[in-house]
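What follows is a structure written as structure tokens; I'll ask about it next.
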Amino acid sequence: MIARGLLLLWIAGWIVAAFLWAPLVPVLGETTRVLYFHIPAAWVTVLALGWSMVHSLLYLKRRNLEHDHQAAAAAEIGLLFCVVATVSGALWAKAMWGAYWNWDPRETSIFFLLLIYAAYLALRSAIDQPERRARLAAVYSGIAFVSVPFLIFVVPRIYFSLHPDPLINPRGKVDMDPRIRVVFFALLVGFTMLFFWVQSLRVRVARVEHRRQGSVA
Amino acid sequence: MSAALGDEGVTVEARALTHRYGHRAVFERLSFSFRGPGIVAVRGPNGSGKSTLLRLLAGLLRPSSGESALTAGGRTIPPRERHRWIGYAAPDLAFYPELTALENLSFAAEARGLSSPAKRGRERLRKVGLEGRENERADALSSGMAQRLRLAFALLDDPPLLLLDEPGSHLDDEGRRSLASWIGDEGSRRLVMIATNDEREGALAGQRVELGSRGVGDPA
Amino acid sequence: MPASGSSSGRAVWAILRKECRSEWRTRYGLNAALLFAVTSLASTSFAVGRMSDRTDVLAALLWVVLLFAALASLAHTFVRETEGHTMTLLRLVATPTSIALGKLLFNLLFLISIELVTVPLFLIFMGAPAPRWGPLLAILGLGSLALGAGATLVAAIIAQTRGRGALFAGVSFPVLLPILAAAVSGTRAQWSGAPVTAELRLLAAYAVALLAASLLLYDHLWEDA
Amino acid sequence: MRGDLVVMAVALLVWGLLFWYLVRLERRVADLEKR
């Protein structure tokens, strides 16, 4: 329980620091605060996708349903964080550029990850037997594993060239004040711990469901 | 591969073979070893895993645990290649409805890389009493004729191991009689495993695998 | 028993011929796909009218029509097998890789035959300016290869799900998206006179990546048919 | 009232609620596993 208490204080503390201690990014003004949550959420989305894909490939090799539980749980949590990242990104874009959505390369990439999560979970919901569902979902992860690099690095660039209407303020790498950088990474760590905690809970639930489903069947 | 087994013969083995559907174990730690040629009956009440066992041996299904091994021509055959070394016929084996009986067989022969597929297909059709039905579409065949087509398919490339799941189903009396004699002489040339509860077919077998309702097999 | 090398090549060829014969006998898939492609093309051109000046929109519309025609028809070759329970027979005569390659080649032929009808009609209906046939055919060719590779693999998966084809569009969309983007960008470039090499390289890379992944994944596709 | 203080308070509240929910959830999962 100490670890959880630490996590509670860690994230709470850095939220306070984000508002009181760290200065604002010159151009972004108050909207900097959103980035403290938007970017860690996006990071966890990618982390969860990687975690899910690794466990999917492990399932194909070892055929141990434990890997499938991990992959499915990571996908569900990843989808949650992806929605948070997308919404917070849109809010931030509205504040910065006056439009919720304008297919900015980063927005496009996050949205595509949302599509992959949705497709993976839709596929899982359409298969009943646990072994077959695990196997086919893992095969789909394998395909998505190949598509992700193209979706994140290539398609946004192409799309960017298709609609090169000038952006008012491209969100390039802003030279961050050291204090901002500290708060930013601290929250990144905090979110990652949060992910692993919720992931472990979801996996334990999946184990109980699998066992319970067994005794019912 | 010559029609007969060649000198090394064929052995099929199960080593602590277990298969579960969800949590229900169909059979657990099933072990046996049979050397061909010969006939083995796989017997047991409904749901005791007769069909599952044959599907596992055919390489169509991956066991929950344990393994099955097939050695033929002095070589152990990995599960991935096993489909080329066995003949399999089961009630759920369906053919392409829009293709004729002969087209189905010659496709199968060609896909397996056998020489002169059409001639081979015609021969097997004659062997199971389907001559004259070559150009009939698979969906137009009666259930008895479809069963004969399955047996023809199983024999397509003279496999060392024949796996027949309820081979006598849907057959008329004449069909059953010719099936019995046919299994008899095939049994002298290859290893034939028949999953059946039909006394007459069971009687043909020299050896048995008894899949009890408890799911534990003990060769007779 | 035959050596494995040559016979898997013959297995692919046998499966391709079987698919063509079954398709020719039933002709259900081809008619449905052509009808779908032409109706979506007609409704697009009806709604949008002639757009000879806006080649960027034309490029996008062409590939949307082709994508949906593919989505409407490419799952059929596997769905037919699972619905007809003929998967057991197929798995007894060929390895998973030969099965998938045979069906991929068939899907490619299928896709090309749809394009032979749809693309000329599209250019006429939409009043598109004369295309640079070299680059356009290259984009169409590589685009179809990647589209076929991705769609065939996903079709093999969803053919084993409850909804069969219902999920095909949604589940395959993220996989097909890079192809759509590159193909549209390339088609646009060929109309505007720009070089298409970047898009061609991308399509080729994606097709190769998909085929490589497929070869590793095919063995896991069918195990308890 | 400085606006960003309000936002901070809301953020802390949301985090507190989420944390409490997760702790309670963990307790329920634990006894589910026992049964």
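Naming: A, B, ... by sequence-line order, numbering from 1 per chain.
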key: Arg84(B) side, atom CZ; Ser8(C) side, atom OG - distance, nearest 0.5 Å   = 7.0 Å
query = Does any N or O in the side chain of Arg21(C) come within less than 3.5 Å of the main-chain N or O of Leu99(B), such that one atom is a donor and the other an acceptor?
reply = no
task = Considering only heavy atoms and a distance below 4.5 Å, find which of Lys18(C), Glu81(C), Arg80(C) pairs most often with chain B.
result = Lys18(C)
task = Measure from the side-chain N and O atoms of Arg10(C) to the backbone N and O of Gly113(B), and report whether any donor-acceptor pair falls under 3.5 Å.
result = yes
inquiry  = Take a 6.0 Å sphere around CZ of Arg133(B) and say whether it holds more than 12 heavy atoms from other residues, nucleotides or ligands.
reply    = no
note = Rounding to 0.5 Å, atoms CZ (Phe153(B)) and CG (Leu92(C)) come to a distance of 4.5 Å
key: Rounded distance [0.5 Å steps], CZ in Arg150(B) versus CG in Leu89(C)   = 11.0 Å
task = Calculate, to the nearest 0.5 Å, the distance between atoms CZ and CZ belonging to Arg55(B) and Arg91(C) respectively.
result = 7.0 Å
query = Is there side-chain contact between Val93(C) and Leu156(B), with at least one heavy-atom pair below 4.5 Å?
reply = no
message = Heavy-atom count check: over 12 atoms from other residues, nucleotides or ligands less than 6.0 Å from Tyr21(B) OH?
response = yes
ask   = CZ/Arg25(C) to CZ/Arg137(B) distance, rounded to the nearest 0.5 angstrom?
value = 7.0 Å
ask   = Checking Thr26(C) against chain B: side chain, backbone, both or neither under 4.5 Å from a heavy atom?
value = side chain
inquiry  = Can you confirm whether more than 12 heavy atoms, excluding those of Trp13(C), are under 6.0 Å from its CH2 atom?
reply    = no
query = Taking atom NE2 of His85(C) and atom CG of Leu93(B), what is their separation to the nearest 0.5 Å?
reply = 12.0 Å
message = If you compare all heavy atoms of Gly84(C) against all heavy atoms of Ala94(B), which two are closest, and at what distance to 0.1 Å?
response = O-CB, 3.4 Å
message = Is the shortest side-chain heavy-atom distance between Phe107(B) and Ile15(C) below 4.5 Å?
response = yes
query = Excluding sequence neighbours, so at least two apart, what forms side chain to side chain contact (heavy atoms under 4.5 Å, CB included) with Ala75(C)?
reply = Val79(C), Ala155(C), Ile158(C), Phe168(C)
task = Measure from the side-chain N and O atoms of Arg80(B) to the backbone N and O of Thr95(C), and report whether any donor-acceptor pair falls under 3.5 Å.
result = no
